[in-house]
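The first residue in the sequence is number 1, and the count goes up from there. Computed over heavy atoms, backbone and side chain alike; hydrogens, waters and symmetry mates excluded.
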Amino acid sequence: MSIGGILDGILRLYKSNFVTFLIIGLIAYLPLGVLECFLYFVYWANRLPAVVNSLAPEEVMVIVVNNTVIVLYQVLVIPLCLVAMIHKISATFVGESMTAFEAYQRGFRRFGWMILTNVLYSLGVGLGLALCILPGVIFGLWFLLAPIAVVLEPVGPIAAFKRSKNLMKENLSRGFLLFFLILMFGIVLYIGIAIPMSIFAAVAGYETIWSVFPDSIFDPLYLPLFTGTFVLLYYDLRVRKEAFDLDRMAEDNAVDSG
């Protein structure tokens with residue numbers, strides 16, 4: 001598939017499976033949004049003590065909420081949603097029917113490996129960017145497909161990183177262009193969601209609590225597009241480099257799910 005073919009393919013999959021993708025996203029992200037709202041409510045009700053005397057209660061609340069949400073988001077929510085989303089996109093791409101529940105049921109088997117892979121990937125990219133930007137970009141492109149490989153193949157994180165590097169060899173420019181295009185689309189989508197909600201919150205006088213919702217709505221809508229782009233790239237590279245048989249994989253999936 002060309003770059004345009006991959007983007008067209010994921011848009012078609014997204015359109016035909018929108019409800020299932022949305023359910024998968026909300027299952028993972030909605031509890032986090034509810035938790036944020038609860039923490040803000042506790043603060044407003046003056047039930048959260050200032051644990052650091054030198055800080056104002058509002059500053060304490062911001063620290064508590066932000067750090068709690070960041071940790072849960074990175075360590076649990078993203079990997080949980082990804083394992084289900086990758087299985088759903090993969091199954092749909094090869095013609096297999098799969099519900100949101102089945103996607104989580106199958107994906108949960110690889111949840112622990114996904115957590116470790118996601119942490120290692122984030123640390124590697126972050127360290128590379130901190131050192132000299134370019135190493136972080138190269139690292140990110142080399143191992144772009146590692147989260148997909150660790151879910152769809154019976155391998156651990158280290159083997160998944162090696163698989164990704166082998167697949168992405170001589171294809172870094174394709175990966176970069178796809179990443180850039182889907183990222184730009186995500187920025188436009190986020191602006192379209194966040195600005196109207198911010199205006200509504202300002203008018204209604206609930207700026208603080210409403211500020212938690214754009215991410216909780218945006219991520220479930222955007223993640224299938226972002227993830228699906230690289231699932232299709234993964235299959236495209238396997239077909240190109242390994243003569244991978246999608247029909248055979250569909251048959252194997254049907255046997256496994258049975």
Is it true that Phe226 and Phe179 have ring centroids separated by less than 6.0 Å?
-> yes
Going from CD1 on Ile148 to NE2 on His87, what distance comes out if it is rounded to the nearest 0.5 angstrom?
-> 12.0 Å
Between Glu170 and Lys165, is there a salt bridge with N-O shorter than 4.0 Å?
-> no
About how many Å separate CG of Asn17 and OG1 of Thr92, when rounded to the nearest 0.5 Å?
-> 4.0 Å
Taking the inter-plane angle between the rings of Tyr121 and Phe161 on a 0 to 90° scale, is it parallel (under 30°), tilted (30 to 60°) or perpendicular (over 60°)?
-> parallel
Nearest 0.5 Å please: distance from the OG atom of Ser2 over to the CG atom of Asp8.
-> 8.5 Å
Spacing of NZ belonging to Lys88 relative to OG belonging to Ser97, to within rounding of 0.5 Å | 6.0 Å
same_hphob_cluster(Leu144, Ile158) at 4.5 Å side-chain heavy-atom cutoff = no
Exercise: do Ser164 and Tyr234 side chains pair donor with acceptor under 3.5 Å | no
Linking I/L/V/M/F/W/Y whenever their side-chain heavy atoms sit closer than 4.5 Å, directly or via other members, would Met168 and Val155 fall into one cluster?
-> no
Do Met98 and Phe101 share a hydrophobic cluster (ILVMFWY, side-chain heavy atoms under 4.5 Å, transitive)?
-> no
Answer yes or no: is there a side-chain heavy-atom contact under 4.5 Å between Val231 and Leu145?
-> no
Are Phe108 and Phe111 close enough that their ring centres sit under 6.0 Å apart?
-> yes
Here the pair of heavy atoms bringing Val125 nearest to Gly140 is CG2-CA, 3.7 Å
Test: Glu153 and Arg238 ion pair at under 4.0 Å = yes
So OG1 of Thr99 and CD of Gln105: to nearest 0.5 Å the spacing works out to 8.0 Å
Mind listing the closest non-hydrogen atom pair of Trp113 and Val150 along with its distance?
-> CB-CG2, 3.8 Å
Side-chain heavy atoms of Thr227 within contact of Phe21, under 4.5 Å = no
Interatomic distance, CG@Leu178 vs CD1@Ile3, rounded to 0.5 Å, equals 3.5 Å
In one Ile/Leu/Val/Met/Phe/Trp/Tyr side-chain cluster, 4.5 Å: Leu183, Val188 = no
Less than 4.5 Å apart, any side-chain heavy atom of Met114 and any of Val151?
-> yes
Flag the pair Leu13 / Leu232 as yes when at least one side-chain heavy-atom distance between them is below 4.5 Å, and no otherwise.
-> yes
Closest heavy-atom contact between Ile115 and Pro79?
-> CG1-CB, 3.8 Å
Please examine the side chains of Leu80 and Tyr104, heavy atoms only from C-beta on, and report whether any two atoms are closer than 4.5 Å.
-> yes
Taking every non-hydrogen atom, the tightest pair across Gly175 and Leu233 = CA-CD2, 4.3 Å
Taking the six-membered ring for Trp, are the ring centroids of Tyr190 and Tyr222 within less than 6.0 Å of each other?
-> no
Side-chain touch Glu242/Leu237, heavy atoms, less than 4.5 angstrom | no
Examine distances only and state if a side-chain atom of Arg110 and a backbone atom of Leu152 form a donor-acceptor pair shorter than 3.5 Å.
-> no
Of the non-hydrogen atoms in Leu116 and Pro157, which two are nearest, and what is the gap between them?
-> CD2-CG, 3.7 Å
Exactly one candidate in Leu26, Thr20, Ile27 meets side-chain contact (heavy atoms from CB on, under 4.5 Å) with Ile24; the answer is Thr20
Side-chain contact test, heavy atoms from C-beta onward, threshold under 4.5 Å: evaluate it for Lys241 versus Asn171 and give yes or no.
-> yes
Shortest non-hydrogen contact between Ala103 and Ala84, atoms and distance = CB-O, 3.4 Å
Any donor and acceptor pair, going by atom type alone, linking the side chain of Tyr14 with main-chain N or O of Pro224 inside 3.5 Å?
-> no
Report yes if the side chains of Ile6 and Thr229 come closer than 4.5 Å at any heavy-atom pair, otherwise no.
-> yes
